[in-house]
Amino acid sequence: GNMAREFTPTQKDILRIVQADLPDSLTPYADIAREVGTSEEAVLELLRSLKEEGVIRRFGASIKHQRTGWNVNAMVAWIVERERVEEVGTKASEHDHVSHCYYRPSSAEDWPYELYTMVHARSNEECTKVIEELRAMTGLGDYLVLTSIRELKKCSPTYF
């Protein structure tokens, strides 16, 4: 049967926000919760149940880090022993400021860097701090920072 679902005023407020655009922040659900005066859990619970009932098909946020103040993005290339790739990569990707971690074997004599971490930070100082933390966490030594000079065109990220 086509049961019309009843929403509470709070749920209606949540849906009104979600239908427009998710808040442009790293904690969109918490922000919605604060705005409508409920808990983040309640927001997630509502969205989860609507997804299960097929009301919402998919739910995604595209985080524009330029606008959230995460304006330093650096691809850091590391030298890593092959047998440590798995362990080091897993560790590095657990860092809050690392969005991607890649292993790309190199056959070039002059390019010994094979592990890549995409670091996001609010400033160059923070970026340097994150790299130092990654070094400490992983025990890696040599690295090279490849920062983007400018953004050429909005497209899906493909790094290599």
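Position 1 is the first residue of the sequence, and the numbers go up from there. Quick caveat, the model's predicted, so the values are computed rather than measured.
Ala92 approaches Cys101 most closely through the heavy-atom pair CB-SG, 4.2 Å. Here the closest non-hydrogen pair linking Ala74 and Val145 is CB-CG1, 3.7 Å.
Two residues are said to be in side-chain contact when any heavy atoms from C-beta on lie closer than 4.5 Å; Tyr116 and Leu144 fail this criterion.
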Worksheet item: Given Phe7 and Ile14, is the side chain to side chain contact (heavy atoms under 4.5 Å, CB included) satisfied, shown in steps?
Response: CA-CA 10 Å; Phe7 293 108; Ile14 294 171; over 6 Å; no
Fill in: Candidate pair Met118 and Asn73, rule side chain to side chain contact (heavy atoms under 4.5 Å, CB included), full reasoning
CA-CA 7 Å; Met118 188 69 191; Asn73 308 302; 3.7 Å; yes
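Rounding to the nearest 0.5 Å places CG of Leu47 at 7.0 Å from CG of Leu15. We find the NE2-CD distance between His95 and Glu133 to be 4.0 Å, quoted to the nearest 0.5 Å. Put simply, OG1 on Thr117 and CG on Leu134 are 5.5 Å apart, with the number rounded to the nearest 0.5 Å. Rounded to the nearest 0.5 Å, atoms CH2 (Trp78) and CD1 (Ile131) are 6.5 Å apart. Put simply, OG on Ser93 and NE2 on His100 are 11.0 Å apart, with the number rounded to the nearest 0.5 Å. Between atom CD of residue Gln11 and atom OG1 of residue Thr38 there is a gap of 9.0 Å, rounded to the nearest 0.5 Å.
Checked by atom type and distance alone, the side chain of His97 pairs as donor or acceptor with a backbone atom of His120 at under 3.5 Å. With hydrogens and angles disregarded, no donor-acceptor distance shorter than 3.5 Å links the side chain of Arg135 to the backbone of Tyr143. In this structure, the side chain of Glu114 engages the main chain of Ser106 through a donor-acceptor pair within 3.5 Å.
Tracing side-chain contacts under 4.5 Å through hydrophobic residues (I, L, V, M, F, W, Y), one never reaches Trp111 starting from Leu140; they form parts of separate clusters. Side-chain heavy atoms closer than 4.5 Å link hydrophobic residues (I, L, V, M, F, W, Y) into clusters, and following such links, even through other members, never connects Tyr102 to Val76. Hydrophobic clustering of Ile, Leu, Val, Met, Phe, Trp and Tyr side chains at less than 4.5 Å, counting indirect connections, unites Tyr113 with Met75. Both Ile17 and Tyr29 belong to a single network of hydrophobic side chains, linked directly or stepwise wherever heavy atoms of I, L, V, M, F, W or Y lie under 4.5 Å apart. No path of Ile, Leu, Val, Met, Phe, Trp and Tyr side chains, each step under 4.5 Å between heavy atoms, connects Val72 with Val119, placing them in separate hydrophobic clusters.
Comment: Glu126 does not engage Lys129 in a salt bridge, judged by the lack of any side-chain N to carboxylate O separation of less than 4.0 angstrom. Of the charged side-chain nitrogens involved, none lies within less than 4.0 Å of a carboxylate oxygen, so that Lys91 and Glu94 do not count as a salt-bridged pair.
For Arg82 and Tyr103, the side-chain atoms include at least one donor-acceptor pair closer than 3.5 Å.
Glu41 CD: more than 12 foreign heavy atoms inside a 6.0 Å radius.
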